[in-house]
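The structure appears right after this line, and notes come after that.
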Amino acid sequence: QVPLVESGGGFVQPGGSLRLSCAASGFTLDYYHIAWFRQAPGKEREGISCINPGEGQTYYTDSVKGRFTMSIDAAKNTMYLQMSSLKPEDTAVYYCARADAICSAYSISHSLRIDYWGQGTQVTVSS
């Protein structure tokens, strides 16, 4: 059983919006530190947001802050990434992930350790 299954990627014009979903199985999402990453063509995978359940805090990197919102629906055991004001530079494969380290403003940008990855979903922003 795949623990994280993503959906919701696609093609969108600049300025548009998309919502990514990531359904978890075999564990309860809101007990864990969880994150979204992305990998653009020719670039390394980068963390963009994470939730620290102990603090009740969500952290974002500067590249997406104010435009992206990460959330959890505990009843559905599903995490979301709502993306707005999309730019061509947001084009990437997006991955949801479960961390086995603490999510923080520092760790999301500095190799937050991950034990489970989603399969990835392509987001393309282009006119």
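What you see is a predicted model; the values in this text were computed from it and never measured.
Transitive grouping of hydrophobic side chains (ILVMFWY, heavy atoms separated by less than 4.5 Å) keeps Tyr80 and Tyr32 in distinct clusters. In the hydrophobic clustering of this structure, Phe11 does not group with Tyr94; members are Ile, Leu, Val, Met, Phe, Trp, Tyr whose side-chain heavy atoms approach within less than 4.5 Å, directly or through other members.
Distance check, rounded to the nearest 0.5 Å: OG of Ser25 to CG of Asn77 gives 8.0 Å. Considering SG of Cys103 and CD of Glu55, their distance stands at 7.5 Å, rounded to 0.5 Å. The distance from atom OG1 of Thr58 to atom CZ of Phe68, rounded to the nearest 0.5 Å, is 15.0 Å. Glu6 contributes atom CD, which lies 8.0 Å from atom CE of Met79 (distance to the nearest 0.5 angstrom). For the atom pair OG (Ser17) and CE (Met83), the distance works out to 8.5 Å, reported to the nearest 0.5 Å.
In this structure, Arg98 is not positioned above the aromatic face of Tyr116 in the sense of NZ or CZ being under 6.0 Å from the six-membered ring centre and within 45° of the axis.
At distances below 3.5 Å, at least one donor-acceptor pair connects side-chain atoms of Thr121 with backbone N or O atoms of Gly9. At least one donor-acceptor pair under 3.5 Å links the side chain of Ser104 to the backbone N or O of Ser107. Thr28 places no side-chain N or O within 3.5 Å of a backbone atom of Asp30 that could act as its donor or acceptor partner. Using modelled atom types, one side-chain atom of Tyr60 and one backbone atom of Met70 make a donor-acceptor pair closer than 3.5 Å. For Ser109 (side chain) and Tyr106 (main-chain N/O), no donor-acceptor pair under 3.5 Å exists by modelled atom type. Checking side-chain atoms of Arg113 against main-chain N and O of Asp100 turns up a donor-acceptor pair under 3.5 Å. Judged by distance alone, the side chain of His33 and the main-chain N or O of Ile102 form no donor-acceptor pair under 3.5 Å.
At a cut-off of 3.5 Å, with distance as the only test, no side-chain donor of Thr124 or Ser126 sits close to an acceptor on the other residue.
With contacts defined as side-chain heavy-atom distances shorter than 4.5 Å, the pair Val125/Pro14 qualifies. The side-chain heavy atoms of Pro53 and Tyr31, taken from C-beta on, include no pair separated by under 4.5 Å. Inter-residue side-chain proximity for Leu4 and Gln119 is flagged as unmet; no heavy-atom pair is nearer than 4.5 Å. Counting only heavy atoms from C-beta outward, the side chains of Ile72 and Ile34 approach each other to under 4.5 Å. Under the 4.5 Å side-chain criterion, counting only non-hydrogen atoms from C-beta, Trp36 is in contact with Cys22. Using a 4.5 Å heavy-atom cutoff, the side chains of Val123 and Leu18 are in contact.
Ring to ring, Trp117 and Phe37 are close: their centroids are under 6.0 angstrom apart.
In terms of heavy-atom proximity, Ile108 sits nearest to Ser49 at CD1-O, 3.4 Å. Closest heavy-atom contact between Ala35 and Leu112: CB-CD2, 4.0 Å.
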Next item on the list: Verify side-chain contact (heavy atoms from CB on, under 4.5 Å) between Gln122 and Thr91, making sure each step is shown before the conclusion.
Entry: CA-CA 8 Å; Gln122 176 70 45; Thr91 295; 4.0 Å; yes
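Residue pairs that meet the salt bridge (charged side-chain N to carboxylate O under 4.0 Å, His left out) test with at least one member in residues 68-91, sequence neighbours left out, are Arg38-Asp90, Arg67-Asp90.
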